Amino acid sequence: MESEDSHTGLTAETLKRSFLENLVYIRGKHPRSATRHDYYTALAHTVRDRILQRWVASAQGILPNLSAVVYLSAEYLPGPQLVNNLVNLGILDQARKMIEELGLDFQQLVDQEQEPGLGNGGLGRLAACYLDSMATRGIPVVGHGIRYEFGMFEQQIRDGWQVEVADPWLQKGNPWELSRPNISYKVQFGGHTEQYLDETGRQRTRWIPDQVVKGVAYDQLLMGYQANSTALLRLWKSEAVADFDFQIYSAGDYYRAVEAKVISENLSKVLYPNDEPEQGKKLRLQQQYFLVSCAMQNTLHLVHELIGDFREMPGRIPVQLNDTHPSLAIPELMRLLVDENGMEWDEAWHITKNVFSYTNHTLLPEALEKWPVDLMGTLLPRHLEIIYEINRLFLDRVRLRYPRDEDKIARLSLIDETGPRYVRMANLSCIGSHHINGVAKLHTELMTRDVFRDFFELDPQGFSNKTNGVTPRRFIAVDNPGLASLIDTQLGKGWLSDLDQLRGLEAVAGDTGFQEQWSRIKLENKQQLARIIGDRIGVSVDPESLFDIHAKRIHEYKRQHLNLLHIMALYWRLKSEPGFDPVPRTFVFAGKAAPGYFMAKLIIRLIHGVADVVNRDPDVRDRLKVAFLPNFNVKNAQSIFRAADLSQQISTAGKEASGTGNMKFAMNGALTIGTFDGANIEIREAVGEENFFLFGLTAEEVAALKASGYQPRNYCAANDLMREVFDLLASGFFSGGDRELFRPLINSLLDHDEFMVLADFAAYAECQQSVEREFTDREYWTRKSILNVARIGRFSSDRAVEEYRQDIWHIDSPTIPTSKSGDFLEGLEDEVRKGPVDTSF
Ligand code: NBG
């Protein structure tokens, strides 16, 4: 056998050698003094070597003909990397084998990894799924983001309340990143602008800032599945330009000198933990600009060195805005082209408009970002000027088309002048992009009909729908290995990169033998979750019971409280109806609340209040259990998705843009109980109406009911069970006699009920009865579970990125040269002598 290079070889023997080498030469440890974390790090480096070799080889194939997607996102949730990379490299078994041969516990090493919690929820996870799919499909991509030193907070529960604990995820080092101190850019803030005549006599603008920080690149390579190609995730860290301000230092003010450094480093210090953004925070605006300035400077640098002509950018370097958070990239690109590179405005605008495209992720009015004009002017004076100029030229065109329609002009304007003046980031994103998309059919429909109606009228061709998708590598292969290997035996291996092949499972959906294997895997997954629930929160649950799971951010529109009302109703019936004998159920909740969102935190408190009562009351006879699993993140989600029988997707219709948890649950064989909202609608269409539990008002009905003067109290009065539940809750029954604790929630529901919880309660409870009936027939249920998976192929992020590629980015999928292992370093010697072509990649 040809001998393998220890950096690239894939056999268990070579991996072991590489692992031991890394223990000694990277960690500097002898096994006698090595900790689990040392072993984890040595293993991570072993895997990283193989990824880097693929990256270095494939990047060389792309560079000469450069064309790549630039993905801009303030958030990424890639999750733990080790197992995902082993799966994508196809060496999970070999790695496990060699670790076990050494007498180490593979899982213990895996558990050492701290996940990068660089996002809030669905939006950040979607970005990670898209990078995974682009890498897998060979679409070259650079994702730019912020290297937050503190990611999403860790959620702990004390006395039933959420407590936020800082997440110093980088404390023990991050073996997956490469610091690139030479890839760094200055980012300016504040000051003023001035006009001057350049050497050709043309009037130009220059920005004289009063603060400058430095952004430094940290690269992480995300491996595609069996593809030999990788996505580059480039995260920017802020630093002081010079370690000390020497002038101040020599004047003797040491502390002020250090202070400047601290302020600069604060920029990338912490992720804002709101899933729907909070307005007006100066640091957040600074973060957003910091990100896009680094990203756009780096992109132009690359274009300059490799393509040479900025006019080539459209069609070769598409830039995707993941929501409005990075929308300052639009004026920033204009500034770089016009001010820094002396391009004429019109030409620069033509490039800008044809480079950017924008994905909208929410219609919630409070989440549409806007920044006070004053704040923008103080922090980014030049950008505000550019925004005004973009707006002036745009509105001139609009006036030609709609003479004297001042209302329309006010709505389309980049500046909101209805009260104190704001810059509207969604309008900026629309005006500066050639294409805008929503993330599910209903969402796109509502978006073009409502929030963006005026923009849609101006350019209907510029809008389309791109229903979200999630990667089956993470959410089936990594998270549910049992199910993945059962599917492998049935269908072979191809389905993981061509998810429509899951259709092949339809043929065996009714097969008793297959159903048995299917249910056994589900049961094992439930047993594991039961153990975790027992270990982590001391609640014992029966793996045979129906696992009914609600896992996502806690938000009133997602209606965890609707689920709770139903649980309280079941509980009350168990107490008060002698013959009532429901199917045993375990209700599992997981999810974080934004730290400043009082009502969401009160809902968490109520989940615990209900759990305390229900789990202990002997009258319940173990028919109901309620468990809240703290700290929902990519890692903890693994044991949750795969163990669900029922997936709760019960947002008020019209509020959830898409949802992606709905897809992850269905991919793992859960049936969905859901409203006619977001991607639920398409999931139902795909899996079949009879395999989906639909209930509740439609988006139109919600709007109509609101318009007609919704009176939640009337719904309560008309429903005996609901009234009793509210009485019980108000009596302090779930709060140790405290009648005040849940008062704000009760009042909010009875007086306003913005999210129509009471209006949907009866339909929900009834639908849950059908769930129960169907669950008692296990064969029938299992068949439906198999059909859900068989028909979920459409919700792969591979399909989604392919749609973006064809309809929006218009770039070819290049074939990336496959790398050979072993002789990789051969030939590099000559290359060293030739010298570098580009240093920004
Ligand atoms: C979220 C939506 C979800 C959607 C994800 C990804 C924001 C602003 N939006 O419904 O609430 O699935 O984006 O598109 O986080």
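The model shown is predicted, which means the values in this text are computed figures rather than measured ones. Start at 1 and go down the list; that is how both ligands and their atoms are numbered.
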TODO: Assess the pair Phe755 and His555: is the distance between their ring centroids shorter than 6.0 Å?
DONE: no
Task: Residues that Gln156 engages under side-chain hydrogen bond (donor to acceptor under 3.5 Å, both in side chains), provided they are two or more places apart - done: Glu154, Arg158
Open item on the list: Please work out, at 4.0 Å between heavy atoms, whether the side chain, the backbone, both, or neither of Thr359 comes within that distance of ligand 1.
Closed with: neither
Task: Gly659 to ligand 1, any heavy atom closer than 4.0 Å - done: yes
TODO: Please check if the distance between the ring centroids of Tyr71 and His144 is under 6.0 Å.
DONE: no
Task: Polar proximity ligand 1 side, Asp323 side, N/O cut 3.5 Å exclusive - done: no
TODO: Nearest heavy atom to atom 3 (C) of ligand 1 wins, so pick from Glu656, Met663, His443, Lys466.
DONE: Glu656
Open item on the list: Tell me the nearest of His361, Lys655, His325 to atom 1 (C) of ligand 1, using heavy-atom distances.
Closed with: His361
Task: Test of proximity, Tyr557 against ligand 1: N or O pairs below 3.5 Å - done: yes
Open item on the list: In this structure, is the centre-to-centre distance between the rings of Phe676 and Phe695 below 6.0 Å?
Closed with: no
TODO: Could you pull out all residues at least two apart from Tyr289 that satisfy ring-ring contact (aromatic ring centres under 6.0 Å, His included)?
DONE: Phe189, His383
